[in-house]
Amino acid sequence: MKNLLAGLLGALMFAYASVKAVPAATLPVHKISDHFYVIEAREDDGSNVGVLVSGTGVLLIDTMLPDAKDMLLATLATITDKPVTHVISTHGDGDHTGANTHFQNLGAEIILQANVAYSNVLYTRTYEDTLTLTFGGQTVMLYGFKSHSFEDTLIHLPQDNVIFTGDAYNEGWHPSFYSGGYEGQSAVYDKTEALADPKTLIVPGHGKLSRIEDVIHQRTLLDDWINHIKALKDAGQSYEAMAEDPQTIAFWNDFTRSADNPRGREMFVRRTLATELMDMVSLSHDQLSALEGRYLYTDGVRVEIALEDGKLFARNKGDFFSELQPLSPSIFHLRGWVGGQRFIFDTGKDGKTMGLTFVGTSNNYKARRLKNDSPH
Ligand SMILES: [Zn+2]
C-alpha cells in the first residue's frame, strides 16, 4: 500500500511537472555590496559571473555555458528585475559567452577585447589596451592581454575592490597560458598583483573566490613547473614518462583539485612544451619582416602574417589567430598547438617570399602571397 501510494504520488508529481515547467535551479550568489554580486558557477556550468546593478540596468561579467542560460536567468531574477544592458566577456570561449546572443537580442552591448575580431564570437564594442566604463556611478576598468586567449580581459572594480581574471587565473586548475605563453601569463599576474591588496576579492574564471595570495602561490608553482618540465625535456624523457614523474604528479595535485588524471597531466606537459619550450631559432627583425603580408589559399581562405612586438602572428578575421615560432628561417610552429602543425614559407630564387604551406595533422594547404595593397 505504501509503495502503491508512493507510486501514485510519483505519477501525479510527474504529471504536474510535465504540464507546468519546473523552475530552473538557481546558483549560489555572493553579495559583495548593495549593488554588486558574484554568481558562483559549478564545474559543469561554465564561468563565474559578475552582476553590477544600477538604477536602470545590469552589467554582467561573463555568461556561463549556453546550456546554463535558464539557470543564469533564474539566478539573476533572485538578485534584480532590471534588464541586462551590458555584457563584458573576459574572452570569447563558449563557457564564458553562452548567453551573450540572448542578451544581445534584447539590446545589450557586448564588450570584448579587439582581437575577438579574429574569432567567430559576436560583439558590439571592442577596445585595444584599456577601457574605463562608468556604470551606475561605479568605475569598471578593462585591461587587454594575450594570455589564456588572444582576447583576454582583466576587469577591475576599484570601489568594490574586486578583480575578474577570466581564465588567465582559475582556482583549482593549472594555468592554461597557451596563446600568450609565459610572458602573457606573467603580465596578467603582474597587473593583478599591482591592482590588488590583501582584501581584494579575486574572481577566477572558474573555481572558488580567491585572494591575491592564491594567485601568487599559483605564480610560484608555474615558475617551478616550467623549470621542472624543461629539466625532464633536457633529460630526453618521453611525454608519457614526464607525465608519470613523481614530481609532475605532485605539481598536478597542487595545481588542481581533480583526482589522479594521467591524461590531463600528459596534456598539460605537452601543452607546456608546445607553448614555452620549443627549440626555436633566433631570426632577425628583417628576416621576420620579409614574411609579413597577406596570403590566399586555393579555397579562398586568407591569412595575414604580421610582425608585432617582435613576434610573428598568423591570423584571419572571423576565423583564426596564432603566434608563429621559428624552428628554422622558413619553418614555423604554432605556439601552444600539440598536433605538430607547421607553417612553411616558400622563398623564390630572388629571396622573396612567394607563398606558404599550412601543414595540418592530415592535409597540407598551399597559399600564394598577395601583392601588397592589392585588393585581391
Ligand atoms: Zn573558461
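Each ligand, and each atom within it, is numbered from 1 in the order the structure gives.
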List the atom pairs, donor and acceptor, that lie under 3.5 Å between side-chain atoms in residues 354-367 and the rest of the protein, sequence neighbours left out.
residue: T357; atom: OG1; partner: K366; partner atom: NZ; Å: 3.3

Salt bridge present between E276 and K233 (N-O < 4.0 angstrom): no
Backbone of L27 reached by a side-chain donor or acceptor of T75 within 3.5 Å: yes
Sequence neighbours excluded - ring pair (Phe, Tyr, Trp, His ring centres under 6.0 Å) pairs with any residue from residues 51-81: none
Around the Zn ion (ligand 1), number of protein N/O/S atoms which are nearer than 2.8 Å: 4
Contacts of D93 that satisfy side chain to side chain donor-acceptor pair (under 3.5 Å) - sequence neighbours left out: H91, H148
K230/D234 salt bridge by N-O under 4.0 Å criterion: yes
